[in-house]
Amino acid sequence: MSLFFTDLCHYPFLVNAVAAVALASLAAGMVGSLVVVRRSTYLAGAVSHSLLAGLGLSRLLQRRFGFEGLTPMTGALLVAVGVAVLAARLSLRGRQRADTVLSAVWTGGMALGVSFVAATPGYQDDLMSYLFGSILLVTGPDLMWMAALDIVTLGVMAVCYNRFLAIGFNEELARLRGVHTAFYELVYHVLTALTVVLLVRVTGIVLAIALLTLPAAAAGMLTRRLDRMMTLAAGLCFGVSLLGLAVSYAPGWPPGATIVEIAVLVYLAAACFSKGQRTG
Amino acid sequence: MADNATVIEVDNVCFAYNGQEVLHNVSFEIRERALVAVVGPNGGGKTTLLKLLLGQLTPRYGTIRVFGGAPEAARTRVGYVPQAAPFDPRFPVSVRETVLMGRVGRNRLGIYGREDRAAAGRALERVGLTDFGKRAFAELSGGERQRVLIAQALAGGSELLLLDEPVANVDPEHSGRMYALFKELTAEVTVMMVSHNLSVVTGHATHVLCVNHTAGLHALGEVASSTFTAAFGGYLTAIRHDTSCQVLDPSASMHVPHHGEPVNSHP
């Protein structure tokens, strides 16, 4: 682990990786806490897995048809926002149907992504990178892009926090108190999608859902205020990500998987601590 | 009381779910600062009536006016207080934040100011929970949660409180205190509550609205236990009843023709 911190002073790619997890953790802590308390993890799962279609299609268009401006992350962003808008519309018509459609989006998105990657000429290195992340390959422009998404997420959260809290507490009451709940549901779904796109850069599609929900769930066991839960979740997310990077660096383990394994351990520790507090 | 302004006017209202009529030719008027207990059997239409008053449902026939206008237009003046039991017990929110939600739709930015916090403080004081502001909503008892939800409605400036079974999960000692609180609140607001606890209703309410597909409103002095017998379907001892009450035999009242033309939105 010490090798990581020694090399951190010498290698810009490691500094970029740490900056990336810091930026992703900010959004993940806040939006992840909302996802956990609103029990909409399934939505985040569907968004993250469907991103493969956007990533794969944009890479295919780049390599086969020369659309250089359409980067994989732009494709991912477009698909994420599209799925979020669809899910927001469905959530207004009853949860059961929304779940079924989200399952189709989840699996269909992954299947399309695999097909797009297979149809893309050249070495198929992208697929593993999309699925499990490539945090050590984050570039300066990636960081700028992540910072922009972070600013949008933080700004929207600051303005909408009280309304998100009221809707999460009881949607019907919020509507009767004059909140345009359909609009804020849409905003919430899009924020979730943006955060998932940020996390995909760190841990990949398969593991993004873990980083979104596990630190937030652990924080939820340690505090009973949503604002404190968000702060604590962001701190935990950054902590487990940094530790995961450091632990995986010397032996050459996959950093995304290591980060998630540590997040699971932190979640279990918080669950044990919370249970001990209740019974003690 | 007779000089008080009319808060709710329901005129020959009928409502049906999928062709099955739940309320038929319901008419009554409630004046300000009344404490009205809504009683009747399950499935008799009590909750439907509350939803009609909130503008969440539209009557098939007849009209409803709240504060002289359509129920939707009066929403900012009406505080609906649901049962506390269905709330997620793990939702991370403090008592003060919950009360502030009563003012969440009042400004465009949705950020609370000094006036909002002062209103929340006053509302907590009204329900006797001044020292509970920093406590987690999840840590409270059923009765305390219900009082927080009432404070939320008061903080929002509600002049009419619609309470859906407010003491459903409260022990007898605390439910007595809750009814005393509702009575205190009628110094400033009108309170309409669905209740199953008939003995406490008769001890505190000014009026009883019996709802069993039809409805009859009685000032408390007019109410005999037979009123409740009729409303609940006959398992109480019948004593005497004013003939104007329509709920004695709802099956007969349901055959009375509708008044007026159907409302367009519900053909």
Leading residue by heavy atom contact count with chain B [cutoff under 4.5 Å; candidates A:N170, A:V159, A:L165]: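 Max contact count across the listed options: A:L165.
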
Which of A:G220, A:G168, A:G178 touches chain B most, by non-hydrogen pairs under 4.5 Å: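 Heavy-atom pair counts peak at A:G168.
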
Could you tell me the separation between the [atom1] atom of [X] and the [atom2] atom of [Y], rounded to the nearest 0.5 Å?
X: A:D227; Y: B:E97; atom1: CG; atom2: CD; answer: 5.5 Å
X: A:R175; Y: B:Q56; atom1: CZ; atom2: CD; answer: 6.5 Å
X: B:R90; Y: A:R224; atom1: CZ; atom2: CZ; answer: 8.0 Å

Within a strict 4.5 Å, meaning less than it, do heavy atoms of the [X] and [Y] side chains meet?
X: A:R39; Y: B:D88; answer: yes
X: B:L54; Y: A:L176; answer: yes
X: B:Y80; Y: A:E172; answer: yes
X: A:T223; Y: B:P92; answer: no

Residues, nucleotides or ligands: over 12 heavy atoms within 6.0 Å of A:Y267 OH: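 No - once you tally the heavy atoms of other residues, nucleotides and ligands closer than 6.0 Å, there are 12 at most.
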
CD (B:E72) with more than 12 external heavy atoms under 6.0 Å: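 More than 12 heavy atoms, drawn from other residues, nucleotides or ligands, come within 6.0 Å of this atom.
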
Which heavy atom of [X] sits nearest a heavy atom of [Y], and at what distance?
X: A:L173; Y: B:P82; answer: CD2-CD, 3.9 Å
X: A:V179; Y: B:V104; answer: CG2-CG1, 3.3 Å
X: B:S94; Y: A:R225; answer: CB-CD, 3.5 Å

Counting only non-hydrogen atoms closer than 4.5 Å, does [X] touch chain B with its backbone (N, CA, C, O), its side chain (CB onward), both, or neither?
X: A:M221; result: side chain
X: A:L226; result: both
X: A:R228; result: neither

